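As a basis for the values below, the full set of heavy atoms in this structure was taken, side chains included, without hydrogen atoms, waters or symmetry mates. Worth saying up front: this structure is predicted, and the values here are computed from it rather than measured.
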Amino acid sequence: MMLVALIMRPWLVRMHRLDLEPRVLADDLLILSTDLDRVAFSGEPLVGSPGEHLNSHLEKMEAAFDATHRHLQALGAKISPGKCYLCFL
């Protein structure tokens with residue numbers, strides 16, 4: 001379990017930069033977004049990384065989903081679209 005925590009640390013940091021709440025438990029990943037009111041009513045862009053302005057909840061989740069896939073593929077994982085509820089390939 002310590003190894004999983006170490007491997008997923010960069011992913012956790014990236015999700016926090018996107019203003020999301022990541023969770024890792026064994027081999028499960030969860031991305032939570034709880035600031036819908038702030039995004040919907042403030043009109044201020046959220047900054048995920050330099051040059052990246054995320055204005056909507058959908059844009060945040062899309063960026064998080066893409067970053068998660070890139071991280072897992074960099075680790076050598078094969079993404080299985082048949083088991084993913086968000087992959088419609």
Side-chain angles (χ1 to χ4, degrees):
M1 288 301 157
M2 290 285 286
L3 187 58
V4 172
L6 183 63
I7 289 173
M8 295 309 294
R9 171 88 172 120
W11 177 80
L12 290 166
V13 171
R14 175 70 177 138
M15 295 300 111
H16 282 293
R17 280 192 195 145
L18 291 172
D19 201 22
L20 297 166
E21 296 180 34
R23 300 284 186 260
V24 178
L25 178 62
D27 63 346
D28 294 326
L29 303 177
L30 178 67
I31 304 168
L32 299 172
S33 178
T34 58
D35 60 345
L36 291 176
D37 293 336
R38 186 170 64 88
V39 173
F41 300 113
S42 71
E44 298 175 10
L46 296 173
V47 178
S49 63
E52 183 179 1
H53 299 286
L54 304 173
N55 294 316
S56 74
H57 179 66
L58 180 60
E59 289 175 353
K60 283 175 38 176
M61 289 306 292
E62 182 181 2
F65 198 64
D66 290 342
T68 300
H69 276 194
R70 282 194 307 274
H71 182 75
L72 293 174
Q73 288 170 342
L75 292 173
K78 294 182 181 178
I79 307 299
S80 177
K83 292 184 176 182
C84 181
Y85 297 115
L86 297 176
C87 293
F88 301 106
L89 300 176

Quiz item: Which heavy-atom pair separates D19 from K60 by the least distance, and what is that distance?
Solution: O-NZ, 3.4 Å

[atom1] of [X] to [atom2] of [Y]: how many Å apart, nearest 0.5 Å?
X	Y	atom1	atom2	value
R23	L12	CZ	CG	9.5 Å
Q73	K78	CD	NZ	11.5 Å
R70	F65	CZ	CZ	12.0 Å

Quiz prompt | Over 12 non-hydrogen atoms of neighbours within 6.0 angstrom of CG in L30 | solution = yes

Practice problem: For side-chain contact (heavy atoms from CB on, under 4.5 Å), just list the numbers for L18 and I31, CA-CA rounded to whole Å, side-chain angles, deciding distance to a tenth of an Å, and then say yes or no. | Solution: CA-CA 11 Å; L18 291 172; I31 304 168; over 6 Å; no

Quiz item: Step by step, would you call M15 with T68 a side-chain contact (heavy atoms from CB on, under 4.5 Å)?
Solution: CA-CA 9 Å; M15 295 300 111; T68 300; 4.0 Å; yes

Quiz item: Are M8 and L3 grouped together when hydrophobic residues (ILVMFWY) are joined by side-chain heavy atoms under 4.5 angstrom apart?
Solution: yes

Quiz prompt | Partner set under side chain to side chain contact (heavy atoms under 4.5 Å, CB included) for R9, not counting sequence neighbours | solution = V13

